[in-house]
Amino acid sequence: MQREQLESAPTAAEAWPDQIYDLLKQHGVRQVGLVPDAGHARLIKRCLADNDMKVVSLTTEEEGVALAFGAWLGGEKSVLLMQSSGVGNIINMLSVAIAHRTPCPIIVTMRGDFGEFNPFQVPMGNATQACLEAMGTLVKRADRPEDVAETVNATLRLAFNTYRPTATLLGQRLLGAKTFGK
Amino acid sequence: MTEIAVGPTGKLMRRDVVKALLENRDGMLAIGGLGAPAWDITAAGDSPLNLPLWGGMGGAAVMGLGLALAQPERKVCVITGDGEMLMGVGSLATVAVQRPRNLSIVVLDNEHYGETGMQETHTKHGVDLVMMAKGAGIADSRLVRTAEELLKLRADIHAGNGPLFAQVKIDEGTQPLVLPPREASILQARMREAIMGPEAHLQ
């Protein structure tokens with residue numbers, strides 16, 4: 001099996017990772033909390049190269065919700081990047097953003113979703129949207145490259161304008177297109 | 001300056017510890033971890049500079065990190081309990097890697113889960129949070145047992161040479177409840193306004 005099939009990531013020709021970076025800049029995001037995913041690799045590189053962004057690598061995704069709250073207390077906007085398995089780690093911590101009314105936008109790359117080969121990714125991938133919505137998070141989903149920018153923009157706007165956790169799920173179909181079916 | 005008493009166990013009294021840390025605070029922001037530390041910072045004097053937590057167990061240290069990164073000119077002191085710190089102990093590594101000079105994390109260690117019936121925590125059985133913080137990379141990690149050590153800690157917190165971690169052994173006796181506001185949107189908004197003024201609400 002090829003490594004690309006183990007960890008699916010968009011090809012260099014795909015514009016959407018750079019479009020997400022541009023949106024983070026437009027919205028004035030200053031703190032980026034993350035647990036890495038191959039699907040976010042290019043976006044993470046762009047953020048790391050940006051001196052106006054503080055990139056905080058987390059030991060578990062739930063730290064990211066706490067980070068977003070601390071950042072907002074101090075007047076900075078943040079975003080949280082993770083893969084769908086990480087959503088299982090943030091469930092209770094979302095209560096912090098809900099109770100305080102903290103903007104907490106989350107961008108999730110999906111696994112266990114479309115053509116998955118790893119059985120361990122499927123339970124959480126299948127439950128990602130339901131779990132987030134059960135915890136009061138507004139979820140939008142993009143499965144086509146041309147939908148990513150406006151979906152992420154909607155997620156950022158909903159979070160920063162209406163003070164709550166929001167999420168965009170980036171479908172595995174987007175990420176795995178290169179090697180899917182081989 | 002507050003007198004720092006010791007309890008029947010010979011350990012420091014938690015309310016005196018917190019009062020001493022927050023006295024003449026010079027704009028220092030404080031986050032109080034879920035449970036008794038949130039009541040402790042409130043007993044020291046409720047203030048918009050205080051964020052007492054009603055939830056988010058395990059998150060206090062990283063909340064302090066986000067705040068310290070956003071407000072590098074302000075001191076940020078996270079005051080939390082041993083149970084809360086143990087739940088999010090990986091966050092010590094996250095904090096250490098960011099090296100925020102303005103962040104201190106103070107664990108009030110009574111070796112028990114005080115809010116749920118005084119069950120013993122791991123620190124009662126020899127788990128050493130100072131070693132864990134040092135191992136995570138917070139070079140200034142220290143154990144505090146005496147009033148003298150506490151006053152040194154206070155001075156170092158205010159000097160802003162962080163990140164700093166302290167495990168303060170405290171008397172396990174429970175203190176009277178002194179509850180902060182429970183409406184968390186107010187707790188968030190009042191701290192934001194204290195930092196940024198009325199424009200905070202137009203961000």
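Order of the sequence lines sets the chain letters (A, B, ...), proteins ahead of strands, with each chain counted from 1.
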> Could you check whether any side-chain heavy atom of A:F69 comes within less than 4.5 Å of a side-chain heavy atom of B:I31, counting everything from C-beta outward?
no

> Checking B:A68 now: which residues fulfil side chain to side chain contact (heavy atoms under 4.5 Å, CB included) with it, not counting sequence neighbours?
B:V76, B:P100, B:N102, B:L103

> May I ask you to decide if A:G75's main-chain N or O and B:Q203's side chain share a donor-acceptor pair within less than 3.5 Å?
yes

> With a 4.5 Å heavy-atom cut-off, do A:W72 and B:L67 have their side chains touching?
no

> With a 4.5 angstrom heavy-atom cut-off, which part of A:T102 approaches chain B: side chain, backbone, both or neither?
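For A:T102, the contact with chain B is made by backbone and side chain together.
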
> Going by residue number, which parts of residues 88-99 of chain A are within reach of chain B, meaning a heavy-atom gap below 4.5 Å?
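Residues of residues 88-99 of chain A touching chain B at under 4.5 Å: A:M93, A:V96, A:A99.
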
> Backbone N or O of A:G74 within a donor-acceptor pair of the B:R192 side chain at under 3.5 Å?
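No, because the side chain of B:R192 does not come within donor-acceptor range (under 3.5 Å) of the backbone of A:G74.
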
> Is a donor on one side and an acceptor on the other found under 3.5 Å between the side chain of B:Q188 and the backbone of A:R101?
yes

> Between A:E63 (side chain) and B:G59 (backbone), is there a donor-acceptor pair under 3.5 Å?
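Answer holds: no.
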
> Evaluate the side-chain proximity of B:M63 to A:L73: yes if any heavy-atom separation is below 4.5 Å, no if none is.
no

> Quick one: list whatever passes side-chain hydrogen bond (donor to acceptor under 3.5 Å, both in side chains) with B:E183, sequence neighbours left out.
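Result, side-chain hydrogen bond (donor to acceptor under 3.5 Å, both in side chains) vs B:E183: B:S185.
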
> With sequence neighbours excluded, give me every ring pair (Phe, Tyr, Trp, His ring centres under 6.0 Å) pair touching residues 30-88 of chain B.
B:W39-B:W54

